[in-house]
Amino acid sequence: MKYIPYIKSLLITVLFICGLKAFAASSYGRERAVSPIEFGLLEAKNGIERFEILKKTHLEAISKGLSVSYKGIDKIDLEIPETASPIKITTTTDFDGVQINVLNRQKGFFLFEYSAQATKIDIGKALIDRGNFLSVPELRKGKHLLVVTDNNKWVEKRSGYSYGHTRKDILLVKGGVAVNSVVMPYNNSYSSPACYYYSVSNTPIIIKNLILNRDSLSTRRTYLVKITGCDNVRIENVTVNTPTDGTLVSDDIIDISDCTNVAFTNVSLNGSYSRKDYSGYGISMNNVWNFYADKLFATANWGIFGTNNVSDVLIRNSDINRFDIHCYGRNVRCVNTVFRDQYNQFSSVFGKIEFDKCRFVDFVPVMMESSYNAFVPVSLCFSDCEWELTSKHYYLVQLGNVGKTRNQRPELSEKYLPDVNIKNMKIMFVS
């Protein structure tokens with residue numbers, strides 16, 4: 001009996017310590033996210049105040065290495081202030097299904113942004129083509145994105161336009177060795193590569209569970225997000241609704257540049273700021289390797305994609321009005337996807353362009369954009385597809401004006417017609 005007080009004391013001490021640990025753990029869990037509610041979102045008097053609160057919330061999260069929680073928020077009405085700058089986001093932003101309604105009368109503007117810092121580096125032409133950078137101290141360890149820009153124009157001047165095309169490649173480098181390859185070699189006398197790199201982590205960049213409604217009273221464009229210099233980008237369960245009866249054009253809803261391993265899942269883009277005769281893109285990409293889309297649904301007056309320098313693309317289980325690579329890329333595959341009302345546009349795309357179990361509705365499956373004068377070797381493959389042709393769109397492959405003018409780049413000086421392979425295509429004339 002004389003040991004009982006000691007045992008009681010010991011038991012109380014143990015329970016007290018366990019309680020402290022449990023409290024600390026629960027507090028730690030709560031501190032891992034900040035919420036706009038903590039910064040006065042529910043008390044805000046107008047859309048401008050709500051915008052500033054969102055910006056402050058995300059800055060707080062970045063400064064403390066935390067995430068942002070939108071739990072408990074169903075709807076946020078925003079107005080873009082005159083001095084607005086994009087809201088910087090953390091690696092994972094889960095909007096938890098919130099609807100953000102945006103009124104913008106100020107300027108073309110990205111609502112959210114994630115951009116990494118690039119560093120210039122000198123890399124020899126031979127190393128770029130080999131993809132082995134073990135001799136480069138900056139790239140020898142860890143994971144990096146190496147961006148290569150050719151200072152010699154790939155296309156000097158696009159016919160009918162005031163600009164040409166500058167080719168870019170991006171290499172994902174792990175432990176000094178590139179996972180992928182450049183689209184075309186640089187180790188020759190007619191290329192002049194300049195390089196910079198991003199140091200990247202294994203943490204993915206995730207944006208998910210968001211509905212963005214662009215107010216019909218807006219006189220300026222609000223784009224959703226710009227992402228630059230990242231590996232493993234995921235955009236999931238995102239919907240953007242755009243009024244189709246306005247006068248705004250030149251859209252850029254989602255902008256991806258200098259990125260690798262980009263995946264869209266359950267993304268719906270209902271309209272864009274564009275006209276039938278004036279461009280405006282839902283998804284803009286420049287210098288992207290390994291793009292994947294599953295359940296992408298998108299409609300617009302203009303083609304939903306506008307891309308350059310893109311390689312290794314896979315689109316599945318989707319319904320869109322166009323995929324394109326304006327200039328320079330390699331390998332595109334589409335599976336179980338519906339294309340409507342327009343055409344897929346390509347120029348200077350090497351490798352294969354494949355369509356497997358796809359359906360084309362009043363649509364030209366492949367148009368080779370002749371204005372770049374860059375007709376390169378490529379194989380077009382159609383397997384188990386359906387083509388509903390009309391009196392407006394009745395070409396399987398449209399080449400435009402091939403012409404006799406030779407491109408100044410040696411890689412493009414010869415003109416090639418695509419190899420076309422068709423297996424089990426059902427063709428229906430519907431009008």
Side-chain angles (χ1 to χ4, degrees), residues 58-59 61-65 85-93 110 112-154 165-188 191-207 225-235 252 254-263 284-291 307-312 328-330:
H58 281 266
L59 286 175
I62 291 171
S63 69
K64 294 185 176 180
S85 58
I87 298 171
K88 305 294 184 181
I89 56 175
T90 54
T91 53
T92 298
T93 306
F110 280 100
F112 298 103
E113 182 179 36
Y114 189 102
S115 296
Q117 184 66 42
T119 304
K120 289 184 179 180
I121 189 172
D122 291 326
I123 302 288
K125 295 180 180 181
L127 290 185
I128 292 171
D129 289 355
R130 286 203 303 266
N132 189 317
F133 306 101
L134 291 172
S135 61
V136 181
E138 295 90 339
L139 305 180
R140 189 181 299 148
K141 296 181 180 180
K143 188 164 70 169
H144 307 277
L145 300 179
L146 178 65
V147 174
V148 185
T149 302
D150 195 341
N151 288 327
N152 292 340
K153 289 282 190 180
W154 187 251
H165 181 75
T166 299
R167 69 160 171 161
K168 298 180 72 176
D169 280 273
I170 187 164
L171 297 175
L172 175 59
V173 181
K174 294 182 178 180
V177 179
V179 174
N180 59 314
S181 304
V182 295
V183 172
M184 289 293 286
Y186 285 82
N187 191 19
N188 48 59
S191 297
S192 178
C195 300
Y196 56 87
Y197 71 94
Y198 302 91
S199 296
V200 293
S201 71
N202 292 319
T203 304
I205 310 303
I206 303 174
I207 298 171
V225 65
K226 181 179 181 66
I227 300 175
T228 306
C230 299
D231 175 59
N232 199 358
V233 176
R234 304 178 196 171
I235 298 181
D252 191 14
I254 300 173
D255 189 290
I256 311 287
S257 299
D258 291 351
C259 288
T260 57
N261 296 313
V262 178
S284 298
M285 295 193 295
N286 190 7
N287 204 25
V288 170
W289 171 70
N290 199 22
F291 172 77
T307 85
N308 288 283
N309 307 310
V310 173
S311 56
D312 292 322
Y328 194 72
R330 182 182 291 272

Any non-hydrogen side-chain atom of [X] less than 4.5 Å from a side-chain atom of [Y]?
X: Val288; Y: Thr307; result: no
X: Val179; Y: Trp289; result: yes
X: Asp231; Y: Tyr198; result: no
X: Lys88; Y: His58; result: no
X: Ile227; Y: Ile207; result: yes
X: Leu171; Y: Val182; result: yes

Residues passing the side chain to side chain contact (heavy atoms under 4.5 Å, CB included) test with Asn232, sequence neighbours excluded, are Pro204, Arg234
Contacts satisfying side-chain hydrogen bond (donor to acceptor under 3.5 Å, both in side chains) that involve residues 117-141 (not counting sequence neighbours) are none
Can you tell me if NZ on Lys64 sees more than 12 non-hydrogen neighbours from other groups inside 6.0 Å?
no
Got a second to check how far [X]'s [atom1] is from [Y]'s [atom2], nearest 0.5 Å?
X: Thr92; Y: Ile206; atom1: OG1; atom2: CD1; value: 4.0 Å
X: Leu146; Y: Thr260; atom1: CG; atom2: OG1; value: 11.5 Å
X: Asn180; Y: Asp312; atom1: CG; atom2: CG; value: 7.5 Å
X: Ile62; Y: Thr91; atom1: CD1; atom2: OG1; value: 9.5 Å
X: Ile170; Y: Ser311; atom1: CD1; atom2: OG; value: 9.5 Å
X: Ser181; Y: Ile128; atom1: OG; atom2: CD1; value: 12.5 Å

Discussion item. Under the criterion side-chain hydrogen bond (donor to acceptor under 3.5 Å, both in side chains), I'd like the reasoning laid out for Asn286 against Asn308: C-alpha separation, chi angles, the key distance, then a yes or no.
Written reply: CA-CA 5 Å; Asn286 190 7; Asn308 288 283; 5.4 Å; no
Ignoring hydrogens, what is the shortest heavy-atom contact between [X] and [Y]? Give both atom names and the distance.
X: Cys195; Y: Ile123; result: SG-CB, 3.9 Å
X: Tyr197; Y: His144; result: CD1-ND1, 3.9 Å
X: Lys153; Y: Thr166; result: NZ-OG1, 3.4 Å
X: Val148; Y: Pro193; result: CG1-CB, 3.7 Å
X: Ala61; Y: Thr90; result: CB-CG2, 4.1 Å
X: Ala194; Y: Asn151; result: CB-ND2, 3.7 Å

Q: Could you go through the side-chain contact (heavy atoms from CB on, under 4.5 Å) check for Cys259 and Ile205 one step at a time?
A: CA-CA 11 Å; Cys259 288; Ile205 310 303; over 6 Å; no
Name all residues meeting the ring-ring contact (aromatic ring centres under 6.0 Å, His included) criterion together with [X]; count only those two or more places apart in sequence or in a different chain, and write none if there are none.
X: His165; result: none
X: Phe133; result: none
X: Tyr186; result: none

So salt bridge (charged side-chain N to carboxylate O under 4.0 Å, His left out) across residues 167-187, not counting sequence neighbours, yields Asp150-Arg167, Lys168-Asp258
